[in-house]
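I have placed the structure first, in the form of C-alpha cells, so that the comments after it can refer back to it.
Every heavy atom of this structure was used, including side-chain atoms; hydrogens, water molecules and symmetry mates were not. Numbering of ligands and ligand atoms starts at 1, following listing order. Keep in mind that what you see is a predicted model, and the values were worked out from it rather than measured. For reference, positions follow the sequence shown, starting with 1.
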Amino acid sequence: MQRIRFYTVLALVAMLGMASVSQPTAAEETPQQRDARMAWWRDARFGLFVHWGLYALPAGQWKGLEKDQDLFAEWIMYKAKIPVVEYELLAKQFNPVKFDAEQWVKLAKQAGMKYIVITAKHCDGFAMYPSQASKYNIMDATPFGRDPLAELKKACDAQGLRLGFYYSHCWDWHEPDALGQDNTWDFPDRAKKDSDKYVREKALPQVEELLARYQPWILWFDVPTEMPEAQSRQFIDAIRRMRPECIVNDRIGNDLGDYDTPEQFIPNGAAEGDFETNMTLNDHWGYQKDDDRWKPAAEVIHQLVDVVSKGGNYLLNVGPTAEGTFPPDAVRILEEVGDWMQTNSESIYGAGLSPLGPLHWGRCTAKPGRLYLHVFDWPADGKLLVPGLKSQPKRIWLLADAERKPLTTSRPQPQDLVIDLPAAAPNSIDAVVALEIDGPPEVDSTLLLMDRAGVENRFGAFDAQRDGPALKYQKQLFQEKKYDSIGSWKHESDSLSWPFRAAAPAAWDVEIVYAATPESEGNEFIVFVGPHPLAGKAVSTGKTKTGRKQFQRFKLGSVDLPAGEHMLRVAPKTIAAGSELMDLHAVILTPATP
Ligand code: FHN
C-alpha cells in the first residue's frame, strides 16, 4: 500500500509537471541550444558500452539448450523462453563481489574513452539499481546489497568521465503489460496487454528515478517497437523537465532522439546529423562464456578512426562477468587501444568529418586548422598520395614525433599532394600524419581512381548525385549492415552520377551491387563509365533470412580509360510500368584482370 501511495504522489507531480508546460523536445530547441547540449558528446567521440545484469550468470548457457539454439547472453530469457518465476531465481545468486567501479572507470579512461553507458535495465526487466518502482532490483532481490550505478557515478565524477544509462523502455520480459518482442510464454494473451500501464507503473517511474538519483548525461533507450509517439513523448518530457542537458538516442522512438545508433556497423557517413556506432568487442553484448571471438585492437582502432572520419561517435561494448569483472581479453584489448590513444588522441577528440574524398591507405579526421591522415597501409615507396588536397599545409609532421620534424611534399598534379614519409611507420596499426592548414582546407573531393591490385574504387549510394526528384537515399539498417542504397527508381528519366579522375591511362573491370525484386526482373539500364556504355538487365536478387532485401554483385564488363576527368553515370533504359529499376548500392571499378 505504501508503495502505491508513493506512486500516486509521484504520478500526480509528474502530471502537474506535464500539465504546466510540455518541455521543448530536442526537435523544438534552437540549433544553438542543441549544439551546446551536444558539444561535449561530439568532442568525446569514444565511449564504453556495458551490458551487465542477471544474464551474466547463465552467460549464454541454459539446461544444455545452447547445444542447438543460439542462446545468447542478455537475450537468454527470451531465447530459452525461461518462465519469470525461474529466471527470478538468478537474482538470489547474483552477488558480484569483485565489482570495482573505480577499476572499470580507470580502464575506460586509460583506453581513451570519455563516457560510459551502462544497462540500468535491459529487456529482462531487472533493475541494476535500488528502484522504488519495482522490487525486482539489485538491492531488494540479490545478496549484493550495493548500488553499482551510484558507485559508477562517483567513480566517473572523480575521474572526469560522464555516465549514461541504457534503458529498455518498451520491451520487458518480466512484465505482463510490456509490448514489443514480449514475453508470450508467461503472458500469451497479447490482447490483454496494456503498454500504457507498463509505462505508467514501471518504465517512466524508473527513468524518473534514474534522472533524479544519478543525473545522467545520456539516456540510451532501446527497441522502441510498437511504441506510440505519446509514450515516447512522456519520456522526453520527463527528461527535459528533470535533466534538460541529458542527451537522448534515437531509440526513444518516433524521431524524438538526438542521434542515430547504427548497431554493429559503420555507415557510409552521417546521412543526417549525429550518429554513434555501437559495437560489441566480441560477438555478444552481455557476457557469453564461450565467445572468444575478440576484435583485435587494430580492428577497434580502425573502426574508431573510420567512425570519427565520418563525423560520428564509437560506443564499444564490454559484457562483465557475474562476479563484476571485465573478461581478461577485453582488458587486454582496451589497454592496447589506450596505448595508441596515448599518442594519437588529438586526432580523435573534437575531430570529425573528413573533407577529402576516398583514401585507399586509411582515413582522414579533421578539426579547425588541422587534418590528421591515418595511415593504416604505409606506402612501401614512402610516398603518401593525398588526392584532392589543394591547400598547401603550413607544416606536416608525424603525430608520434615529439620534435615535429617537418615532412617534405611534392605535387604530381596541382590538386594532389604527395608527402614524403620515413621508411618505417611509427605505428603499424595506424600512423598519424598531422597537417597544419591555414583556414578551411581547399579540397577537390572527386574520387581519384587508384590503380592498385586489391583496391576497390567504389561509387556509392551515399555520395551519388541524384538526377531525379523521386530518387531516395535509403540508409543502412541493422539487418542490412553494409548496404545503403538509392531506391524509388521509378522513372526512366532518373539517373545517378559521380564525377571521377584517372591519373593515368588504365583498364578497369566494372561491377554493380544492387537489390531487385521479381517485378524489377528484366528492367534494362546502362552504366556509362566515361565514354563507355555498359548495358545491364536487372535480375531478382531475392530476400535475406530475415526477409530483407538481398544485395548481390554483378560483373558488367571492362573499359579502357585515358587519364583525365570523367563521369560515371547509371541510367535506366526501360522500367516496366509499376516497377522500380533496382535499389543501387554501388558501382565498383577495379584494375582489370589481365
Ligand atoms: O536486443 C538488444 C540487444 O540485446 C542489445 O542491447 C543491442 C545494443 O544495441 N540493442 C538491441 C538489439 O538491437
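- For a threshold of 3.5 Å applied to N or O pairs, the pair formed by R251 and ligand 1 contains at least one separation below that value.
- For the residue pair D583 and Q474, the shortest heavy atom distance occurs at OD1-NE2, 3.0 Å.
- Salt bridge annotation for R332-E336: present, with a cationic side-chain nitrogen under 4.0 angstrom from a carboxylate oxygen.
- For R45 (side chain) and L304 (main-chain N/O), no donor-acceptor pair under 3.5 Å exists by modelled atom type.
- Between the side chains of Q303 and Y314, a donor-acceptor pair is found at a separation under 3.5 Å.
- W220 counts as a contact of ligand 1, since one of its heavy atoms falls under 4.0 Å from the ligand.
- Applying the 4.0 Å criterion to heavy atoms of W75 picks out, from ligand 1, the atoms 1 (O), 2 (C), 3 (C), 4 (O).
- Residue D222 approaches ligand 1 through these ligand atoms, each under 4.0 Å from one of its heavy atoms: 2 (C), 5 (C), 6 (O), 7 (C), 10 (N), 11 (C).
- Backbone and side-chain nitrogen or oxygen atoms of W171 are examined, and none is located within less than 3.5 angstrom of a nitrogen or oxygen of ligand 1.
- Considering only non-hydrogen atoms, atom 4 (O) of ligand 1 lies nearest to E74 out of E74, Q264, H284.
- Here F99 and W104 bring their ring centres to under 6.0 angstrom of each other.
- Results of the side-chain hydrogen bond (donor to acceptor under 3.5 Å, both in side chains) test with S131 over K202, Q206, K121 single out Q206 as the only residue that passes.
- Distances from atom 9 (O) of ligand 1 to the heavy atoms of N278, N249, V223 put N278 nearest.
- Side chain to side chain, E580 and T517 fail the donor-acceptor criterion of an N or O pair below 3.5 Å.
- Taking only non-hydrogen atoms, the option from E263, H122, H51 nearest to atom 13 (O) of ligand 1 is E263.
- Every atom of ligand 1 with a heavy atom of Y166 under 4.0 Å away is listed here by number and element: 6 (O).
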